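Only one structure is covered here, and it is reproduced in the block below.
Computed from a predicted model, the values in this text were never measured in an experiment.
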Amino acid sequence: METLNAVEFTSTFSRRPAYRYLRKTDKIPTYDELDDMDPMCLVKLFLPEGRWTFYVTAATLYGGALYGGEQIILTGWCVSALGPDCDEYGDSSMDEIAAVRTRFGLPVERDLHWTPTRLSEVRG
């Protein structure tokens, strides 16, 4: 596992700021570096047509043959498109998130106006 301080992740959809999902300046900790029971949600990713939102608290770079090459795994709070009873804290692959499209072909976007917030406040 490596820290992501030097890694960025940009969607192939567009090079505009809303599609630069992870940035070097975010200083997102790895999962192992999380030491708070109420971590900061540093990045907010969302689908523009629905309820799905992912609040990133950690990002860890895994690599090697076991993982099929290098992958960024995000840890955070997921607001499910299926409804509030399916919301959960967990992990998701950055590649899988970047590949999601809405029924009109729109990709996941980064909320450019998001202010880092504690997980307890995001969960309500």
Side-chain angles (χ1 to χ4, degrees):
M1 295 181 289
E2 293 179 38
T3 184
L4 292 177
N5 292 340
V7 175
E8 292 193 7
F9 190 93
T10 303
S11 170
T12 57
F13 182 79
S14 172
R15 298 294 179 214
R16 295 184 176 156
Y19 306 107
R20 289 190 205 128
Y21 299 137
L22 302 179
R23 301 176 184 154
K24 293 176 187 176
T25 57
D26 292 329
K27 296 185 176 138
I28 302 170
T30 65
Y31 181 79
D32 290 338
E33 295 169 340
L34 286 176
D35 59 358
D36 193 342
M37 294 300 293
D38 190 17
M40 293 295 288
C41 297
L42 300 169
V43 175
K44 177 183 175 185
L45 304 174
F46 68 97
L47 279 175
E49 290 180 41
R51 185 177 185 277
W52 184 89
T53 306
F54 197 91
Y55 298 93
V56 179
T57 60
T60 308
L61 184 62
Y62 290 93
L66 179 64
Y67 299 103
E70 282 193 348
Q71 288 188 53
I72 298 172
I73 304 298
L74 302 180
T75 302
W77 179 251
C78 181
V79 176
S80 174
L82 301 175
D85 55 327
C86 295
D87 295 352
E88 65 180 353
Y89 187 78
D91 300 324
S92 189
S93 163
M94 185 71 249
D95 290 335
E96 290 175 358
I97 289 174
V100 172
R101 297 291 182 267
T102 66
R103 60 183 167 199
F104 297 113
L106 296 173
V108 170
E109 293 184 19
R110 178 186 173 133
D111 186 341
L112 300 178
H113 304 287
W114 174 252
T115 302
T117 305
R118 291 273 172 202
L119 177 62
S120 60
E121 293 178 48
V122 169
R123 292 175 80 171

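Looking at heavy atoms from C-beta onward, Leu47 lies out of side-chain contact with Phe54 at the 4.5 angstrom threshold. Annotation: side chain of Tyr55 is not in contact with side chain of Pro39 (no heavy-atom distance under 4.5 Å). Within the 4.5 Å cutoff, no side-chain heavy atoms of Trp52 are placed close to those of Val100. In this structure, Ile28 and Val43 have side chains that are in contact, with non-hydrogen atoms separated by less than 4.5 Å. For the pair Leu61 and Glu70, the minimum side-chain heavy-atom distance is below 4.5 Å.
Between Ala98 and Arg101, the closest heavy-atom pair is O-NH1, 2.8 Å. In plain terms, the two heavy atoms of Leu82 and Cys86 that are nearest each other are CB-SG, 3.9 Å. The two atoms that bring Leu74 and Ile97 nearest to each other are CD1-CD1, 3.8 Å, heavy atoms only.
Under the 3.5 Å distance criterion, the side-chain polar atoms of Tyr21 are matched with a main-chain donor or acceptor of Val108. Side chain of Trp114 to backbone of Cys41: a donor-acceptor contact under 3.5 angstrom is found. Side chain of Thr75 to backbone of Ile73: no donor-acceptor contact under 3.5 angstrom is found.
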Problem set entry | Audit row: Met40, Thr117, side-chain contact (heavy atoms from CB on, under 4.5 Å) steps and yes/no | CA-CA 5 Å; Met40 293 295 288; Thr117 305; 5.6 Å; no

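A salt bridge is defined here as a Lys NZ or Arg NE, NH1 or NH2 lying under 4.0 Å from an Asp or Glu carboxylate O, and Asp26 with Arg110 meets this definition.
Within the structure, salt bridge (charged side-chain N to carboxylate O under 4.0 Å, His left out) contacts touching residues 36-57 (residues at least two apart or in different chains) are Asp36-Arg118, Lys44-Asp111, Glu49-Arg103, Arg51-Asp87.
Rounded to the nearest 0.5 angstrom, Thr53 OG1 and Leu45 CG are separated by 9.0 Å.
No hydrogens or angles considered: nothing links the side chains of Thr57 and Tyr31 as a donor-acceptor pair under 3.5 Å.
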